[in-house]
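The structure displayed is predicted, hence computed values, not measured ones.
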Amino acid sequence: MADPAFYRPASGEIPTNPGVYRFRDDVGRIIYVGKAKNLRNRLNSYFARVDSLSPKTYAMVHTAAAVEWTVVGSELESLQLEYTWIKEYKPRFNIAFRDDKSYPYLAVTLKDRFPRAQVMRGEKKKGVRYFGPYSQAWAIRETLDALLRVFPVRTCSTGVFNRAQASDRPCLLGYIDKCAAPCVGRVSREDHQKIAEDLCSFMAGGAEKFIADLTRQMKDAAADFDFEKAARLRDDIEALTKAFERNAVVLPDSVNADLFNFVEDDLEAAVQVFYVRGGRIRGQRGWIVEKVEDSSPEALMDHLLVQVYGETAAVLAAGSSEEEMNHNLNEIPRYINVPVLPENHEKLEEWLSGVRGAKVSISVPQRGDRVELMATVAENAKQALNLHKTRRAGDLTTRSASLVELQETLELPEALMRIECYDISHVQGTNVVASMVVFEDGLPKKSDYRKFSITGDAARDDTASMYDVIYRRFRRYLTDEAPGARVRASGQISEDDLHSKEPAKFAYPPNLVVVDGGQPQVAAATRALEDLGITDIYVVGIAKRLEELWLPGDDFPVILPRTSHALYLIQRIRDEAHRFAITFHRSKRGKEMVKSALDTVPGLGPVKREALIKHFGSLKQLSEASAQELQEVPGIGPAMAQKILERFTPSVGDGAQKGAESEPVH
């Protein structure tokens, strides 16, 4: 472990301004980001009495090798910069709130030419309205199915929409009046946009208005003896009422609030939030956090609110139109109720009010219905933490046993915290590609997956390809490891360093390299590492025939029992690498097939070939295209379209079926 005395900055060098500081480890990775009203006081607290620090802070200070800081103009700016850096660098010693499940939302893509309503998960995007989150995707689909009767907005994918537009025939929902069918021109773009906006207004709390308007229209139709229209409106009212009454009434109709609560133990905390809009619970969401840094409940709430609303702020802060401001009002409510006031809650209120464009109040309920509802939120958090610990106990036990067994079987000196697996994929030596998948703590880390294209001499056989991939990957590791000069012992960071990106996670070395293959592939991977001078990364191969493990230089493989947890883990890693490689290979092969088939068309240059590939995507769709569809591609006129048709349909002039006598060119 590093000695903090070696990189401790002199007290006089540290400014007393507000700012954000970063601790880095010995390879330059940011391991902790914090903010401070007074940088000198805060940083000195880490070094004044190191032995008196809490265990987690002590570990962070001794893991770090440098500390840097950035002065900002105000506490509000430090709040925003801290969130940005935590989101970008994901420091290991910062509190990181992660969803205890991937929550689905009802999303309406208002940014699209023809907006679409659909189920969405993951990060929020600008120009998309979100409603929820819901506990289950089927709940969204039930709600949406009821609402489509009144708001027949498009729900189909881009591919289905384009096919319907090309064939001038709507999909099934268009025939049963659950889609306005803008694909075939039943409604104009403007009318369809209005339908989507009405759906958003209903979901944002305008249900009573729509139901009241429909009720008035129904009565007017009945008074005019238009009973057919009145019956249709009655059914619409029932559909809206069913969707609207799905949510329980908990507060007065005028109340929009987010209610947070949490429970914690020494290691973890579970957070829950109820989203109340128009007095009704519109959604619920939960997070589990590992308490990697010692923090009070006030600090925990501070981190939580910054991370929860920081995502919304990043998407919505740039919006200035009336529509976007209304969206902000729905995303960030007037009231945020918490069990304890967060640190710097005044600055948080100022920040959120600026994003929302209206006043935001953060408070602790003292009496009435909100206190009872906060108790319900806390009970949900307690149940979520218990469920998480029950599930994790089983998962951690199995994963830990697998990793320990594999380490002992291979007689490796280090715990297998990170494993990388490589696989080569090709068809008879063509379109050779390789995949790299990463498992950390026995779980896939898909953000670190990589794909390699292999050409030239390296593509002549699997061993040459394996050598090429391993050499390229770890040469990059050595290259990225070299700029250690960026890590300073102390002091201000330069303007260039401030805006520079972290070294790519690609560069972090694994404890074990797994190659798909036997002794030849293992020997090739080992030779590549030796040629680079790397001796502390271990290699093993898994052969498909008997699922045996091959170590470098051994004449006989290691045979694991069929019921071994370590074997299950290594098989899972190998299969994931194989899946990833096959997916990349198929994509590359498909593009090459289209390109090679177009090479024989007279007068068709590379720019137009790329345009055709981009437009149609596959050889099959291109071969089935008509002359009119071909001419939709920029640069393709009637004469060139005819030449392309003749390439895929030699007998087109005789009226033969298009493609009947064509042969694919590989």
Side-chain donor/acceptor of R40 to backbone N/O of I14, under 3.5 Å: yes

Side chains of P182 and R113 in contact at under 4.5 Å (non-hydrogen atoms): no

Check: F114 main-chain N/O paired with D112 side-chain donor or acceptor under 3.5 Å: no

R129 side, atom CZ; L199 side, atom CG - distance, nearest 0.5 Å: 9.5 Å

Derivation and outcome, side chain to side chain contact (heavy atoms under 4.5 Å, CB included), residues V67 and Y32: CA-CA 9 Å; V67 61; Y32 185 76; over 6 Å; no

Whether N261 side chain and M374 backbone form a donor-acceptor pair below 3.5 Å: yes

Closest approach of V27 to R29 (non-hydrogen atoms, all atoms of both residues): CG2-NE, 3.2 Å

Ion pair E197/K194, N-O distance below 4.0 Å: no

Trace of the side chain to side chain contact (heavy atoms under 4.5 Å, CB included) decision for I336 with L348: CA-CA 11 Å; I336 297 175; L348 279 172; over 6 Å; no

Side-chain heavy-atom pair S296, E343 within 4.5 angstrom cut-off: yes

For the student: nearest non-hydrogen atoms of P115 and V153, plus distance: O-CG2, 3.7 Å

L304 and F262, any side-chain heavy atoms less than 4.5 Å apart: no

Closest non-hydrogen atom pair between L341 and I362, with its separation: CD2-O, 3.6 Å

Parallel, tilted or perpendicular, as decided by the 30° and 60° cut-offs, for the rings of Y309 and F260: perpendicular

Separation between CH2 of W85 and NZ of K90, rounded to the nearest 0.5 Å: 15.5 Å

Whether Q272 side chain and A270 backbone form a donor-acceptor pair below 3.5 Å: no

Sub-4.5 Å side-chain heavy-atom contact between C156 and R116: no

Main-chain N/O of P365 paired with R370 side-chain donor or acceptor, under 3.5 Å: no

Flag, side chain of N344 to backbone of K347, donor-acceptor distance under 3.5 Å: no

Side-chain heavy-atom pair N337, V377 within 4.5 angstrom cut-off: no

Main-chain N/O of V33 paired to N94 side chain as donor or acceptor, under 3.5 Å: yes

Min side-chain heavy-atom separation L79-Y83 under 4.5 Å: no

Pairwise distance OG1(T109) to OH(Y130) - rounded to 0.5 angstrom: 9.5 Å

Nearest atoms (heavy-atom pairs only) where L173 meets T155: CD1-OG1, 3.3 Å

Residue pair L259, V273: steps toward the side chain to side chain contact (heavy atoms under 4.5 Å, CB included) verdict: CA-CA 5 Å; L259 290 87; V273 57; 5.7 Å; no

Stepwise side chain to side chain contact (heavy atoms under 4.5 Å, CB included) check, V276 with L373: CA-CA 11 Å; V276 177; L373 189 55; 4.2 Å; yes

OH/Y449: more than 12 non-hydrogen atoms of other groups inside 6.0 Å: yes

CZ-NE2 distance between R154 and H192, expressed to the nearest 0.5 angstrom: 7.5 Å

N/O donor-acceptor pair under 3.5 Å between R42 side chain and K35 backbone: yes

Any donor-acceptor N/O pair, S353 side chain to V360 backbone, under 3.5 Å: yes

Nearest-0.5 Å distance, CG of residue L106 to CE of residue M120: 10.0 Å

Heavy-atom side-chain proximity of E440 to M417 below 4.5 angstrom: no

Nearest-0.5 Å distance, CD of residue Q307 to CG of residue D302: 10.0 Å

Q193 versus L110, closest heavy-atom pair with distance: NE2-O, 3.7 Å

Mutual orientation of the aromatic rings belonging to F23 and Y46 [parallel < 30°, tilted 30-60°, perpendicular > 60°]: perpendicular

Which atom of I288 lies closest to which atom of A384, heavy atoms considered: CD1-O, 4.3 Å

Contact check, side chains of H345 and L305, non-hydrogen atoms, under 4.5 Å: no

